[in-house]
Amino acid sequence: MAIILSSWSENYGDASENKNLLTQFRGAAVAIASDEKIALLGAIQSLFEGSMYTFVFLWTPALSPNEEEIPHGFIFATFMLSSMLGSSIASRLMARSHLKVEGYMQIVFSISAVTLLLPIITNFLVPSSNVKGGSISFSGSIQLFGFCIFEACVGIFWPSIMKMRSQYIPEEARSTIMNFFRERFSYHNHVWDVLDFPFHGSSLTEAADGGL
């Protein structure tokens, strides 16, 4: 590390291409205002990411409302496996020339919304137990299955949204445009989690709305 710090000079890039922050955001705002598809794509990504990060915070209290002992490590590994499966499905879908990303992603978003509504649905349809502790409940098992499907949808989402960004958003302003949307919904998401953390059902409902 000492050799690197003393012998390597800083790479500042091409000075002719450097733009100040205000210029970059002005260009991003113009691009968003001039093309409705860019605005919609940015909103879609931000809303879905918001639902995904809300899910990350709240899947544990959703599965163990009465302090049930759930296998967190096994469940998390299952989520990651489901996400990998979704990525594999996405690669197969994008390989088919007759399938449009915009078409199958509408189905993915709808499925995601339904899976995140499961805590509300099971709360009404499945009798709840007030007994503390024990293993995961029947309601929790249903929700866990739905959450695995949601993670598969997340796996489909990432490569698909990247393909759509490459199609609709100019490369020279892509990162600035996406940050334009991401910052707004990141603040909203964190504030909601802080204020509404004990009420995991309503938070996952909002996440479902974001998935749509």
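What you are looking at is a predicted structure, and each value in this text was computed from that prediction instead of being measured.
Nearest heavy-atom pair, Ala28 versus Thr176, reported as atom, atom and distance to 0.1 Å: CB-CG2, 3.7 Å. Here the closest heavy-atom approach between residue Lys163 and residue Val101 is recorded as CD-CG2, 3.6 Å. Here the closest non-hydrogen pair linking Cys148 and Ser82 is O-CB, 3.3 Å. Pairing each heavy atom of Ser160 with each of Met105, the nearest pair is CB-SD, 3.6 Å. Contact record, Leu144 with Leu63: N-CD2, 3.7 Å, taken as the closest heavy-atom pair. Annotation for Gly86 and Ile156: closest pair O-CG1, 3.2 Å, computed over non-hydrogen atoms.
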Is there a side chain to side chain contact (heavy atoms under 4.5 Å, CB included) between Gln45 and Arg165 once you walk through the steps? CA-CA 10 Å; Gln45 175 164 337; Arg165 285 193 316 209; 3.1 Å; yes

I'd like to know whether Ser87 forms a side chain to side chain contact (heavy atoms under 4.5 Å, CB included) with Trp158, so could you lay out the CA-CA distance, the side-chain angles of the two residues, the decisive distance to 0.1 Å, and finally the verdict. CA-CA 8 Å; Ser87 297; Trp158 285 117; 5.9 Å; no

Run the side chain to side chain contact (heavy atoms under 4.5 Å, CB included) test on Trp59 and Leu116 for me, step by step, so that the C-alpha distance in whole Å, both residues' side-chain angles and the decisive distance to 0.1 Å come before the verdict. CA-CA 10 Å; Trp59 68 264; Leu116 292 183; over 6 Å; no

Could you walk me through whether Leu118 and Phe150 pass the side chain to side chain contact (heavy atoms under 4.5 Å, CB included) test, one step at a time? CA-CA 11 Å; Leu118 279 177; Phe150 174 74; over 6 Å; no

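Counting only distance, with no hydrogens or angles, the side chain of Ser34 and the backbone of Ala31 share a donor-acceptor pair below 3.5 Å. Counting only distance, with no hydrogens or angles, the side chain of Glu49 and the backbone of Leu47 share no donor-acceptor pair below 3.5 Å. Of the possible polar contacts, one joining the Ser141 side chain to the Ser137 backbone as a donor-acceptor pair under 3.5 Å is found. The main-chain N or O of Gly50 is found under 3.5 Å from a side-chain atom of Thr54 such that the two form a donor-acceptor pair.
The CE atom of Met178 sits 10.0 Å away from the OG atom of Ser175 when rounded to the nearest 0.5 Å. In this structure, CD1 on Ile161 lies 10.5 Å from OG on Ser166, to the nearest 0.5 angstrom.
Using a 4.5 Å heavy-atom cutoff, the side chains of Gln167 and Met162 are not in contact. Contact check for His72 versus Ile70: side-chain heavy atoms found under the 4.5 Å cut-off. Within the 4.5 Å cutoff, the side chain of Ile177 has no heavy atoms near those of the Tyr168 side chain. In this structure, the side chains of Ser135 and Glu68 stay at 4.5 Å or more apart for every pair of heavy atoms.
Partners of Met80 under the side chain to side chain contact (heavy atoms under 4.5 Å, CB included) rule, at least two apart in sequence or in another chain, are Phe76, Glu151. With sequence neighbours excluded, no residue satisfies side chain to side chain contact (heavy atoms under 4.5 Å, CB included) with Leu81. In this structure, the side chain to side chain contact (heavy atoms under 4.5 Å, CB included) partners of Asp35, at least two apart in sequence or on a different chain, are Lys37, Ile38.
No more than 12 heavy atoms of other residues, nucleotides or ligands lie within 6.0 Å of CD in Gln106, so this atom counts as exposed by the packing criterion. In Ile3, the CD1 atom is not crowded: 12 or fewer heavy atoms of neighbouring residues, nucleotides or ligands sit closer than 6.0 Å.
Linking Ile, Leu, Val, Met, Phe, Trp and Tyr residues whenever their side-chain heavy atoms come within less than 4.5 Å places Ile75 and Tyr53 in a single cluster. In the hydrophobic clustering of ILVMFWY residues, with side-chain heavy atoms under 4.5 Å counting as a link, Val154 and Phe109 come out together. Both Ile89 and Leu99 belong to a single network of hydrophobic side chains, linked directly or stepwise wherever heavy atoms of I, L, V, M, F, W or Y lie under 4.5 Å apart. Neither Ile142 nor Ile111 shares a network with the other; the hydrophobic side chains, linked directly or stepwise wherever heavy atoms of I, L, V, M, F, W or Y lie under 4.5 Å apart, form separate groups for each. In the hydrophobic clustering of this structure, Ile136 groups with Phe79; members are Ile, Leu, Val, Met, Phe, Trp, Tyr whose side-chain heavy atoms approach within less than 4.5 Å, directly or through other members.
Among Thr115, Asn123, Thr122, the single residue meeting the side chain to side chain donor-acceptor pair (under 3.5 Å) criterion with Gln143 is Thr122.
Relative orientation of the Phe147 and Phe55 rings is perpendicular, given thresholds of 30° and 60° on the angle between their planes.
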